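This structure is a prediction, so every number in the text was calculated from the model and none was measured. Read the numbers this way: they start at 1 and go in the same order the structure lists the ligands and their atoms.
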Amino acid sequence: MYPRVNVDLSKVNQNLDAVSRITHGGNCSMMIVTKGFCADEKIVAEIAKHPGVDFLADSRIKNIAAYADLAHQNGKETVLLRLPMGTEVDEVVKYVDLSFNSELATIRLLDEAAGKAGKKHNILLMIDLGDLREGIFFQEEDTIMETVSEILKLANINLYGIGVNLTCYGAVIPKNDNLSILVDIAKKIEAKFGVKLAMVSGGNSSSIYLLGGNDVLKSRELPEGINNLRLGECFILGNDTAYGTKIPGTCSDALILEAEIIELKSKQSLPIGETGVDAFGQKPVYEDRGVRKRAIVAVGQQDITLDSMTPVDERLVILGGSSDHTIVDVTEAGDQYKVGDTISFELGYGGMLKAFTSAYVDRAYRK
Ligand SMILES: Cc1ncc(COP(=O)(O)O)c(C=O)c1O
């Protein structure tokens, strides 16, 4: 059935091998993030088996609940990346080995829930180094220390470490200078409270370039003291998300979206009549390129993001689309395509997220 995502599990493994070599080679543990592909069961099975993976992480408790047993059977720990909702603390304590937190009120609820469950729950305290999403702001050192002091009083909570998230809301790029601030905060916490933090987590796919040996950096600039990275996009799509280069040893086509041509006709480039707004309220701009051969494929913005997919056939150009249709200029491919054929696309992060979330997109797997 089309549309579908073709998942090449051997390429997924090749990418896991590549990021594992880089991450462990830089003395960091590796957390693989499963949310971008909705914790797809078969991809998760490969991740759980892979010897380089230390933690499986997701932002949604529902995804973690589905694979917690498998992860544990394979000796991996589970991590909740998004700050828990107060209403989900029982599930968090049940399925998650380590949750990311920044609010004492929620940490206290986790403490209660862990007490009820007869467990000790690990938390990682998030520090905001300027990206302005979650975390206690790094300049508010008193608040950080007071929060740690309160956490350490809780009987059923273990302060496992601290971490930062960058290049999400504020698009801030991780560098030696900003990540060194995180390492300094960790050292101050350890010195002030006489504790040892097991983890100082230095970010996501935008941090891996700092380990060097890539198109951006020859040698390591990740500060010593960072001992964990959390990798989603860079392992599944092969992207360094700081500078847009490719992670050495990875491939970008482990996931391919394939959609079927339902109409193939030559038409002029410019719509006829007064134009208003398109199906999504946007005012499109059209370029007059004369008569073009256009394929309509049966996939649309309910399933994908048009600017987050690229035809594998470099002669093809996406012209636009609506909720159920994508229009592709196939003129340069001559007579190669006919109705009933399929067109393949590499996916970007947004395209992947939507394709895996859509109930209308099938999946096929190759070992
Ligand atoms: C806290 C946190 N860490 C890590 C990640 C993984 O990000 P990326 O896919 O860029 O590696 C995400 C998002 O998925 C996240 O929210």
Could you pull out every donor-acceptor pair under 3.5 Å between side chains of residues 227-244 and any protein atom, sequence neighbours left out?
from: N227; atom 1: OD1; to: V200; atom 2: N; distance (Å): 2.8
from: N227; atom 1: ND2; to: A198; atom 2: O; distance (Å): 3.0
from: N228; atom 1: OD1; to: S201; atom 2: OG; distance (Å): 2.7
from: N228; atom 1: ND2; to: S29; atom 2: O; distance (Å): 3.4
from: N228; atom 1: ND2; to: S29; atom 2: OG; distance (Å): 2.9
from: R230; atom 1: NH1; to: V164; atom 2: O; distance (Å): 3.2
from: R230; atom 1: NH1; to: S201; atom 2: OG; distance (Å): 2.8
from: R230; atom 1: NH2; to: V164; atom 2: O; distance (Å): 2.8
from: R230; atom 1: NH2; to: N165; atom 2: OD1; distance (Å): 3.0
from: E233; atom 1: OE2; to: N239; atom 2: ND2; distance (Å): 2.8
from: N239; atom 1: OD1; to: K246; atom 2: NZ; distance (Å): 2.5
from: D240; atom 1: OD1; to: A242; atom 2: N; distance (Å): 2.8
from: D240; atom 1: OD1; to: Y243; atom 2: N; distance (Å): 3.2
from: D240; atom 1: OD2; to: Y243; atom 2: N; distance (Å): 3.4
from: D240; atom 1: OD2; to: T245; atom 2: N; distance (Å): 3.2
from: D240; atom 1: OD2; to: T245; atom 2: OG1; distance (Å): 2.6
from: T241; atom 1: OG1; to: S206; atom 2: N; distance (Å): 3.0
from: Y243; atom 1: OH; to: K175; atom 2: NZ; distance (Å): 3.0

Next item on the list: May I have all residue pairs that pass ring pair (Phe, Tyr, Trp, His ring centres under 6.0 Å) and include part of residues 346-367, sequence neighbours excluded?
Entry: none
Next item on the list: Would you please write out the protein residues whose heavy atoms approach any atom of ligand 1 to under 4.0 angstrom, listed by chain and number?
Entry: V33, K35, L81, R133, E134, N165, N204, S205, R230, L231, G232, E233, Y349
Notebook entry, point to check: Do E150 and K153 sit within salt-bridge range, that is, some charged N less than 4.0 Å from a carboxylate O?
Noted result: yes
Next item on the list: Quick one: closest heavy-atom pair of S99 and V92, and the distance?
Entry: CB-CG1, 3.9 Å
Can you give me every donor-acceptor pair (side chain of residues 43-52, partner residue at least two apart or in another chain, under 3.5 Å) with its distance?
from: E46; atom 1: OE1; to: N13; atom 2: ND2; distance (Å): 2.6
from: E46; atom 1: OE1; to: K367; atom 2: NZ; distance (Å): 3.4
from: E46; atom 1: OE2; to: K367; atom 2: NZ; distance (Å): 2.7
from: H50; atom 1: ND1; to: G52; atom 2: N; distance (Å): 2.9
from: H50; atom 1: NE2; to: D17; atom 2: OD1; distance (Å): 2.6

Item checked: Side chain proximity check, L347 to T310, heavy atoms < 4.5 angstrom -> no
